[in-house]
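Lettering of chains follows the sequences in order, A, B, ..., and the numbering in each one begins at 1. Values below: every heavy atom of this structure, side chains too, minus hydrogens, waters and symmetry copies.
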Protein chains: 2
Amino acid sequence: MASSAGIRIGALSRQSGVNIETIRYYERIGVLPKAPRSSGGYRLYRHGDVARLAFVRRARGLGFSLDDVRELLTLADGKSRSCQRVYNMAGGRLADVRARLVDLRRLEGVLVDMVATCAEGTLPVCPILDALGHAA
Amino acid sequence: MASSAGIRIGALSRQSGVNIETIRYYERIGVLPKAPRSSGGYRLYRHGDVARLAFVRRARGLGFSLDDVRELLTLADGKSRSCQRVYNMAGGRLADVRARLVDLRRLEGVLVDMVATCAEGTLPVCPILDALGHAA
DNA sequence: TCTACACCCTGTAGTCACTACAGACACAAC
DNA sequence: GTTGTGTCTGTAGTGACTACAGGGTGTAGA
């Protein structure tokens with residue numbers, strides 16, 4: 001098999017850090033295009049696919065949904081590559097992340113208090129269960 | 001219907017802030033006990049169920065899984081109410097929350113940078129798409 | 001009495017983003 | 001010919017709900 005024929009899914013998986021089942025899943029839901037096949041029916045990929053998959057991985061890592069990723073890929077493929085829509089999407093993600101941060105910081109505070117009141121578990125009535133049993 | 005017969009699921013939902021489908025779901029998976037029924041087949045609840053459901057809601061709000069919630073309820077029902085296990089669970093949750101906070105803060109930084117480089121979307125090549133296309 | 005309406009029932013399927021598996025085929029090395 | 005690794009398809013499972021469809025219950029008003 002000449003190298004020009006491309007790599008198979010296992011190699012793509014190793015090179016991109018995305019696992020095989022996930023790659024097939026992405027193809028199935030249209031995040032990745034249908035890969036051409038070898039005579040034996042194996043999916044064949046080229047270098048551009050590694051980059052595309054890395055793009056997906058990074059976007060997912062930033063918390064974009066697969067719907068968003070699909071749109072980002074379309075925008076990246078487009079000729080204009082205009083920023084407006086992308087800017088809005090990134091801004092939306094940033095707002096989500098910040099909202100989540102606020103939530104989690106509050107949570108952290110509550111949990112710290114709980115754990116602190118608990119001391120060493122020597123009390124007859126667990127203060128954590130007690131706290132859960134009454135309005136915060 | 002005398003008030004002593006209890007409230008129905010709609011009232012429980014309103015009083016606890018947990019939606020009806022979710023209450024039934026909790027019953028189905030054993031987080032809540034099977035509710036007794038009226039002659040017409042309606043689930044009937046009493047005041048203690050409102051408290052129990054509020055407990056579940058608060059625990060879920062702190063990020064405990066439903067498996068954890070089940071265990072917490074069992075511990076809360078137990079006679080000892082000893083702290084050790086609860087303490088460990090809360091500690092585990094706290095560690096999760098803190099790990100998530102680290103992730104999200106990093107994410108926030110990356111997104112802030114992206115949005116900042118984008119400026120007003122006047123550039124010919126979108127820097128956000130550009131950033132996604134190359135190793136971070 | 002009839003009817004409208006809110007409420008509730010069961011059971012199933014959908015969501016998101018994977019992950020895991022069964023059972024079969026492809027291909028290279030020994 | 002056999003072994004081993006890689007890959008294929010298709011389906012089902014995860015967690016924590018949520019959303020129906022298609023029916024029954026109970027009550028208030030005409």
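Counting only residues at least two apart or in different chains, salt bridge (Lys or Arg N to Asp or Glu O under 4.0 Å) contacts with residues 104-115 of chain B comprise Arg98(A)-Glu108(B).
Put simply, CD1 on Ile9(A) is 12 Å from C1' on dT9(D), counting in whole angstrom units. The distance from atom CG of Leu66(B) to atom P of dC17(D) is 5 Å, rounded to the nearest whole Å. Computed from coordinates, the Arg37(A) CZ to dC27(C) C1' distance equals 16 Å when rounded to whole Å. As a whole-Å value, the separation of Leu44(A) CG from dT7(D) P is 11 Å. Between the CZ atom of Arg60(B) and the P atom of dT18(D) there is a distance of 10 Å, rounded to whole Å.
When base pairs are accepted only as Watson-Crick or G-U wobble with both N-N or N-O distances under 3.5 Å, DNA chain C takes part in stems of 3 or more pairs at C:1-30 with D:1-30.
Take Arg14(A) and apply the side-chain contact (heavy atoms from CB on, under 4.5 Å) test, not counting sequence neighbours, and it matches Ala11(A). With sequence neighbours left out, the salt bridge (Lys or Arg N to Asp or Glu O under 4.0 Å) criterion links Asp103(B) to no other residue.
Phosphate proximity of dG6(D) to Arg8(A): absent, as no side-chain N or O sits under 4.0 Å from OP1 or OP2. Close to dT7(D), at under 4.0 Å from its OP1 or OP2, lies no side-chain N or O of Arg43(A).
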Counting only pairs under 3.5 Å, give me each side-chain donor-acceptor contact of residues 29-37 of chain A, with atom names and distances, residues two or more places apart or in other chains.
from, atom 1, to, atom 2, distance (Å)
Arg37(A), NH1, Gly41(A), O, 2.9

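A distance of 13.5 Å separates CZ of Arg52(A) from OG of Ser16(A), quoted to the nearest 0.5 Å.
Side chain Tyr42(B) to base dT25(D): a donor-acceptor pair is found below 3.5 Å.
Side-chain contact between Leu12(A) and Ile23(A): present, with at least one pair of heavy atoms (C-beta onward) separated by less than 4.5 Å. Val69(B) is not listed as a side-chain neighbour of Tyr26(B), based on a closest heavy-atom distance of 4.5 Å or more. By the 4.5 Å heavy-atom criterion applied to side chains, Arg93(A) and Leu107(B) are counted as neighbours.
Residues Arg46(A) and Asp49(A) are not paired through a salt bridge, judged by the lack of any N-O separation under 4.0 Å between the basic side chain and the carboxylate.
Checking Ser65(B) against Gly40(B), the closest nucleotide of DNA chain D that is more toward the 5' end is the one next to Ser65(B).
Contacts of residues 13-29 of chain B with DNA chain C (heavy atom under 4.0 Å): Ile20(B), Arg24(B).
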